[in-house]
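Data block below; observations after.
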Amino acid sequence: QVQLVESGGGLVHTGGSLRLSCAASGITFSNYRMGWFCQAPGKEREFVATITRSGTIKYYADSVKGRFTISRDNAKNTVYLQMDSLKPEDTAVYYCAAASRPGAIYGPVEYDYWGQGTQVAVSS
């Protein structure tokens, strides 16, 4: 059974930082591209960042470039999202996702497995 379990969300003030983690089980983690998406109330799920299987190539949404950093530890089957300089508009539920297709980048439909999400709230 595949499980992706996110943790690390919470409430922070504007300018603060959070580090999200996503622990994977039931898959050969190093064979999957990993991504982070977010969904705010009343909005569609949006791409945040993705990282290739080896961790050498990363893509980011324009809105988070320079503020967020995605990384992975294949020995620990875990992907991370370091979130710095947080803004109120970053408030959302954040989901990690795993894609078996090497070319998967931006589209939620390209990802095979999803976590349950972790809430991030940024107060002004």
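Because only heavy atoms are used, hydrogens play no part in the values below, and waters and symmetry mates are left out as well, while side chains stay in.
Put simply, Leu81 and Val120 are part of the same group of oily side chains (I, L, V, M, F, W, Y) that touch within less than 4.5 Å, one to the next. The cluster map of Ile, Leu, Val, Met, Phe, Trp and Tyr, joined by side-chain heavy atoms under 4.5 Å apart, puts Ile70 and Leu18 in the same cluster. Residues Tyr94 and Val64 are members of one and the same hydrophobic cluster, defined by side-chain heavy-atom contacts under 4.5 angstrom among Ile, Leu, Val, Met, Phe, Trp and Tyr.
Among Glu6, Met34, Arg33, the single residue meeting the side-chain contact (heavy atoms from CB on, under 4.5 Å) criterion with Val79 is Met34.
Nearest heavy-atom pair, Cys22 versus Leu4, reported as atom, atom and distance to 0.1 Å: SG-CB, 3.9 Å. Between Asp73 and Phe29 the shortest heavy-atom distance is O-CE2, 4.0 Å. Taking both residues in full, the closest heavy atoms of Tyr32 and Ser100 are given as CD2-N, 3.6 Å, listed atom of the first, atom of the second, then distance. Of all heavy-atom pairs between Tyr106 and Tyr59, the closest is OH-CD2, 3.8 Å. Of all non-hydrogen atoms in Val12 and Leu86, the two that sit nearest each other are CG2-CD1, 3.6 Å. Between Ser30 and Arg72, the shortest heavy-atom distance links the atoms CA-NH2, 4.1 Å.
Proximity of Thr14 to Pro88: side-chain heavy atoms (C-beta onward) are separated by under 4.5 Å at one or more points. Side chains of Val2 and Asp112 form no contact here, defined as non-hydrogen atoms less than 4.5 Å apart. Between Trp114 and Arg45, some side-chain heavy-atom pair lies under the 4.5 Å cut-off. Looking only at side-chain heavy atoms (C-beta outward), Tyr60 and Arg67 stay at 4.5 Å or farther from each other. Side-chain contact check for Val122 versus Glu89: every heavy-atom pair is 4.5 Å or farther apart. Looking at heavy atoms from C-beta onward, Leu20 lies in side-chain contact with Met83 at the 4.5 angstrom threshold. Considering only heavy atoms from C-beta on, Gln39 comes within 4.5 Å of Tyr95 through its side chain. Side chains of Phe37 and Val93 form no contact here, defined as non-hydrogen atoms less than 4.5 Å apart.
Rounding to the nearest 0.5 Å places OG of Ser123 at 4.5 Å from NE2 of His13. Here the CD-CG distance, from Gln3 to Asn77, works out to 12.5 Å after rounding to the nearest 0.5 Å. How far CD1 of Ile51 is from CH2 of Trp36: 11.5 Å, rounded to the nearest 0.5 Å. Note that SG of Cys96 is 13.5 Å distant from OH of Tyr113, once rounded to the nearest 0.5 Å. Between the OG atom of Ser7 and the CZ atom of Arg19 there is a distance of 9.5 Å, given to the nearest 0.5 Å. Rounded to the nearest 0.5 angstrom, Lys43 NZ and Cys38 SG are separated by 8.5 Å.
A salt bridge does not link Asp90 to Lys87: none of the charged side-chain nitrogens sits closer than 4.0 Å to a carboxylate oxygen.
Few gaps surround NZ on Lys58; more than 12 heavy atoms of other groups in view lie less than 6.0 Å from it.
Partners of Tyr111 by side-chain hydrogen bond (donor to acceptor under 3.5 Å, both in side chains), not counting sequence neighbours, listed by chain and number: Thr50.
In terms of modelled atom types and a separation under 3.5 Å, the side chain of Thr56 and the main chain of Ser54 share no donor-acceptor contact.
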